[in-house]
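Structure first, then comments.
Atoms within each ligand, like the ligands themselves, are counted from 1 in listed order. Note that these values count all heavy atoms, side chains included, but never hydrogens, waters or copies made by symmetry. Keep in mind it's a predicted model, so treat the numbers as computed, not measured.
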Amino acid sequence: MVAFAAASKSLKNPNVQSAISHLFRFQSARTLLVQSVSESVKLQKLGDFDSGIWEVNLERPSSKNAIGRDMLRGLQHTLESVNRDQTAKVLMISSSVPKVFCAGADLKERKTMSPSEVLDFVNSLRSAFSYLEALCIPTIAVIEGAALGGGLEMALSCDLRICGENALLGLPETGLAIIPGAGGTQRLPRLVGKSTAKELIFTGRKVDGKDALSMGLVNHCVPAGEAHLKALEIARFINQKGPVAIRMAKRAIDGGMEVDIDSGLVLEEECYEQIMHTKDRLEGLAAFAEKRKPNYKGR
Ligand SMILES: C/C(=C\C(=O)SCCNC(=O)CCNC(=O)[C@H](O)C(C)(C)COP(=O)(O)OP(=O)(O)OC[C@H]1O[C@@H](n2cnc3c(N)ncnc32)[C@H](O)[C@@H]1OP(=O)(O)O)CC(=O)O
């Protein structure tokens, strides 16, 4: 009885609760399937409670996940697989290489390319990141360590960015006498403002996780090593919501930001109409009335 009372008292301690919930969140993430799309890009589908959460894993340790032709092909195929599958609800992009998210374009391969090959490659990389940005489900970049050049441009194409304090983010391209050519000159100013983006791109300055947070470059900065956990926590929140509503919210926000407010509101109306006749909308109302968790089916 005494032991039980002591245990229940310690369970009320917020630190213990937080540790347990971290443990629970960490342990219950179970990978159901790993699809190896290429040597350097793996696609994982989480299972059980996390069904609906998918993860692209970058895995090219020899070059710190630098993106060459092979890796780009792997990335394109992976994103196409995600896009085709209606069961994907949230996508996380992470690295299995310690201390790096992605070191950008493969500069060793670049040295062997002719100018027209470089242009072809950069155009394909830009298209791949636009494809990533346009995926109809939410995407989260999980950044531990370096996200530089094309690596940051990939993260900028995601809806959310979560980083560890040890992150190093930057667009150092001008130091190589090129410009960020995979969307960086467009997405960075839209995210952090024109003036800050110009400073970062003109100087090639790299910022750590805390500075990235303060300039709005990332959504959350957490202690080093905890970015995946934080991203998973957010992915789980999203995964419990009405899937059609999430897709329509993304469409309305993304489409609306590029047009005037009146056109944006028309787009919002169109998106609202898409959710009007879903069974999930009725399920949401029923669950509220019955004081239970909704069970959404994505239709
Ligand atoms: C998309 C466009 C342009 C670009 O992206 S340009 C590229 C911008 N990126 C960079 O400038 C990053 C360069 N890399 C680094 O700063 C560091 O390597 C690091 C990522 C901070 C990691 O540092 P660390 O000290 O941990 O590791 P090493 O430097 O010893 O690297 C290990 C190994 O990896 C190779 N490598 C690293 N980055 C690249 C890369 N981008 N391309 C090819 N290889 C890379 C490095 O050379 C080492 O190899 P070794 O053979 O062992 O020497 C726009 C456009 O496309 O134009």
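Checking side-chain atoms of Thr278 against main-chain N and O of Gln274 turns up no donor-acceptor pair under 3.5 Å.
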Please tabulate, one line per pair, the protein N or O atoms found under 3.5 Å from any N or O atom of ligand 1, giving the distance to one decimal.
unit_1	atom_1	unit_2	atom_2	d
ligand 1	5 (O)	Ala105	N	2.8
ligand 1	5 (O)	Gly150	N	2.8
ligand 1	9 (N)	Ala103	O	2.8
ligand 1	26 (O)	Lys64	NZ	3.3
ligand 1	34 (O)	Ser62	O	3.4
ligand 1	41 (N)	Ala103	O	3.1
ligand 1	41 (N)	Ala105	O	2.9
ligand 1	42 (N)	Leu107	N	2.9
ligand 1	47 (O)	Lys108	NZ	3.3
ligand 1	49 (O)	Lys108	NZ	2.9
ligand 1	51 (O)	Lys108	NZ	2.8
ligand 1	56 (O)	Arg110	NH2	2.6
ligand 1	57 (O)	Arg110	NH1	3.0

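Between Asp85 and Lys45 there is a salt bridge, since at least one side-chain N of the basic residue sits less than 4.0 Å from a carboxylate O of the acidic one. With salt bridges taken as basic N to acidic carboxylate O contacts below 4.0 Å, one links Arg292 and Glu283. Salt bridge status for Lys230 with Glu233: present, with a side-chain N to carboxylate O gap under 4.0 Å.
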- Message: Set out, in order, the CA-CA distance, both residues' side-chain angles and the distance that settles side chain to side chain contact (heavy atoms under 4.5 Å, CB included) for Asp159 and Thr139, then state yes or no.
- Response: CA-CA 5 Å; Asp159 296 308; Thr139 51; 3.2 Å; yes
- Query: Which is it for Leu191 and Arg161 under the side chain to side chain contact (heavy atoms under 4.5 Å, CB included) test, yes or no, and what are the steps along the way?
  - Reply: CA-CA 11 Å; Leu191 192 62; Arg161 284 152 293 282; 3.6 Å; yes
